[in-house]
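Quick notes on the structure that follows.
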Amino acid sequence: MNSRTHNCGELTKKNIDKNVRLFGWINSTRTHGKIIFIDIRDRFGKTQIILNTDSLIEKGKTLSNEDVISVSGTVIARSADLVNKNITTGEIEVVAEQIKILNVSAPLPMSIHDREASTEEHRLKYRYLELRNSELQNNLILRNKTTQVVRNFLNEQDFIEIETPVLTKSTPEGARDYLVPSRVHNGKFYALPQSPQMYKQLFMISGLDRYFQIVKCFRDEDLRSDRQPEFTQIDLEMSFVDEEHVRDMVEQLIATVFDEVNNVKMQTPFPTLSYEEAMKRFGTDKPDLRYSIEIQDFKKFSDQSDFQAFKNSESVQMINVHNSEFFSRKIISELDSYAQSLGAKGLAWMKYNDSIFESGISKFFNKNLQSNIASDCNIKNGSICFMIADSSEISLKVLGKIRVKVADMLSLYDDSVFKPVWIVDFPLFNWDEDNQRFDSVHHPFVAPKDQDIKTAISEPEKAISKGYDIVINGYEIAGGSIRIHDQKLQQKIFETMNLTKKDIQSKFGFFIDALKFGTPPHGGIAFGLDRLVMLLAGVNNIRDVIAFPKTTSASALMEDSPNTVSDEQLDDLGIGIKKNEKKV
RNA sequence: GGGGUAGUAGUUCAGCUGGUUAGAACGCCGGCCUGUCAAGCCGGAGGUCGCGGGUUCGAGUCCCGUCUAUCCCGCCA
């Protein structure tokens, strides 16, 4: 094959009169009898080809979209009125001298120019065709740029990239594991890693200070638009550090990525919110700070009202939103249903106009109380207040979701603005009602605050951890902590979680053992690369930044996996399949 | 595990309170056309209405079940 001289996106006026040879796909053809226009496309761009001799026109009539061709010809300038400003090569066109058809394409089952013009189901089945779409290609190129910047930055900071095993051991904590049966060890299973957590801590014990890895992780849980069963982490760990050291390094990394990938300058240090404050003000531990709506405690006002339902509630919370005229009965009713679907009894509301509250539940608040509320809560005319009364857990959580929903309805944010925030001072444990035991908020290796080392054992619910999450625009982008490096404390933490000594020994024995051989103080963080790229690309779906994503039920529609395997394969593994009664 | 939305031509959709031959656009096939750039014009082919059952004289439309995708809750860092 003769080699190509240029790609389809690089010819400009500088190349006029040059003889060139291009390779690519036919993006579109426009036949005008004695002249045919062909747009030839590759991942770099599109170039317009002219066919204007009888023999070329004969050949050109047989061409159709997505055929693969090579074209040799001469670059000519377009006259000013014919310039196409939408493409980089719009000032020139190539007059063909020879066209070779390298492969004829069958008609495509979908449009590659307009992704919206196909169902997701269809697009995933023909993902290799959807990946011809420039928007999707640009997302993958952006992803590549991101990992390059990360690698460069971390290398310059003396981090070393080390791979960890993918076939590893199932642990009882955290998410459900993906399991891989062993043929050699009949009846035993590997687990795919949920994260390389213990391996990276072991690297610190080995003295391989400053480890990082861009690594696939696996969790067998139900999916969301920002969750895939296999996803990629930027995982890193450092020795001889405390929270500030890790956070400082991570801020520099994030600022570098946003600058070099998106040309966005981020101010460091990033703002910090304690977990408690985030929950109180935003009803979530991943607040979107691009809009200023905040939750306010309304109990002290509702207690003075005549509204019994509120007076009997443990907690009453309120958000105050401008644009009251937007909230018709219908919209409010939608929000109410949403609140109820999230577990609230209902969503109360009242509008503030002409310096009085009207409609909704306003009649339960007398004039005097109304003016106190307006001035204390800084409510302006043309506002609407939404309130939820329930346990403080539910009222905050649900109002936090209403806050996001309302901001979404009113378009209160800009996707090109990025607001990072650290969430710190997480509780070390939360109480697992179902299993009647304490469970780690992050994972069992997170160190308690120095002053809480004793509390962690005596009053676990009160201990605060050395964990930190970084949240950008309401997405949790990274989470990490300073780890426990004291063997005895690690053992006690496992015991606090109600694991038996036997369990601890069989699941984590090797790790507890390792801790006693001179473990340095250490800590680190793991980024969700997919979510990070999703933000950088300005999309709101993780599938748009992954080449071959899975569906919400964790299947791959293209190759139709997961799927059954042969009886021979099962026999090798010593596995029999129990029939699911419901499905037979 | 639970809730919402969707499934009709190759693709995206329309199809009203059930009614006779299920439409449109794009794509495909054939023809015309020298300046288009998602070209235009003329003609043509193309359908088991996701699947299974039910109600009815009659079902794309109503009912029940089921499958798939998607969004959300639970779950998950």
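Throughout, protein chains are lettered first and strands after them, A, B, ... in sequence-line order, and every chain is numbered starting at 1.
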| message | Between B/rG35 and B/rC41, how far apart are the two P atoms, rounded to whole Å? | response | 15 Å
| said: Would you say A/Lys401 places a side-chain N or O within less than 4.0 Å of OP1 or OP2 belonging to B/rC73? | reply: yes
| task | For B/rC71, take OP1 and OP2 only and decide whether either is under 4.0 Å from a side-chain N or O of A/Asn541. | result | yes
| For B/rG7, what is the paired nucleotide under Watson-Crick or G-U wobble rules, both distances under 3.5 Å? | B/rC67
| Whole angstrom value for the distance that separates C1' of B/rC75 from CG of A/Asp432 | 12 Å
| task | Mind checking A/His122 for me? I need base, sugar-phosphate or nothing, with any heavy atom below 4.0 Å counting as a touch. | result | sugar-phosphate
| request: Verify the contact: side-chain N or O of A/Thr551 to OP1 or OP2 of B/rA69, cut-off strictly under 4.0 Å; return yes or no. | output: yes
| task | Please state whether the phosphate of B/rA77, meaning OP1 or OP2, lies under 4.0 angstrom from any side-chain nitrogen or oxygen of A/Ser195. | result | no
| said: Is the phosphate of B/rU11 approached by A/Thr119 (side-chain N or O, under 4.0 Å from OP1 or OP2)? | reply: no
| task | Give a yes/no answer on whether the side chain of A/Arg30 brings an N or O atom under 4.0 Å of OP1 or OP2 in B/rU36. | result | no
| field | Paired nucleotide for B/rG60 [Watson-Crick or G-U wobble; both distances under 3.5 Å] | value | none
| said: Return whichever of A/Phe37 or A/Ala554 has its heavy-atom-nearest nucleotide of RNA chain B closer to the 5' end. | reply: A/Phe37
| field | Aromatic-base stack, A/His113 on B/rA38, cutoff 5.5 Å, angle under 30 | value | no
| Watson-Crick or G-U wobble partner for B/rC33, using a 3.5 Å limit on both distances? | none
| field | Side chain to side chain, A/Ile482 and A/Ser465, heavy atoms closer than 4.5 Å | value | no
| task | Look at A/Arg78 and B/rC37 and indicate whether a side-chain polar atom (N or O) is within less than 4.0 Å of OP1 or OP2. | result | no
| task | Go through the N and O atoms of the side chain of A/Asp222 and the base of B/rC76, and report whether any donor-acceptor pair is under 3.5 Å. | result | no
| request: State whether A/Arg543 places a side-chain N or O below 4.0 Å from either non-bridging phosphate oxygen (OP1 or OP2) of B/rC71. | output: yes
| query | Side-chain N or O of A/Lys34 less than 4.0 angstrom from OP1 or OP2 on B/rC32? | reply | no
| message | Does the structure show a Watson-Crick or G-U wobble partner for B/rG74, both distances under 3.5 Å? Name it, or say none. | response | none
| said: Does B/rG40 have its OP1 or OP2 closer than 4.0 Å to a side-chain nitrogen or oxygen of A/Thr31? | reply: no
| Any side-chain N or O of A/Gln194 under 4.0 Å from OP1/OP2 of B/rA77? | yes
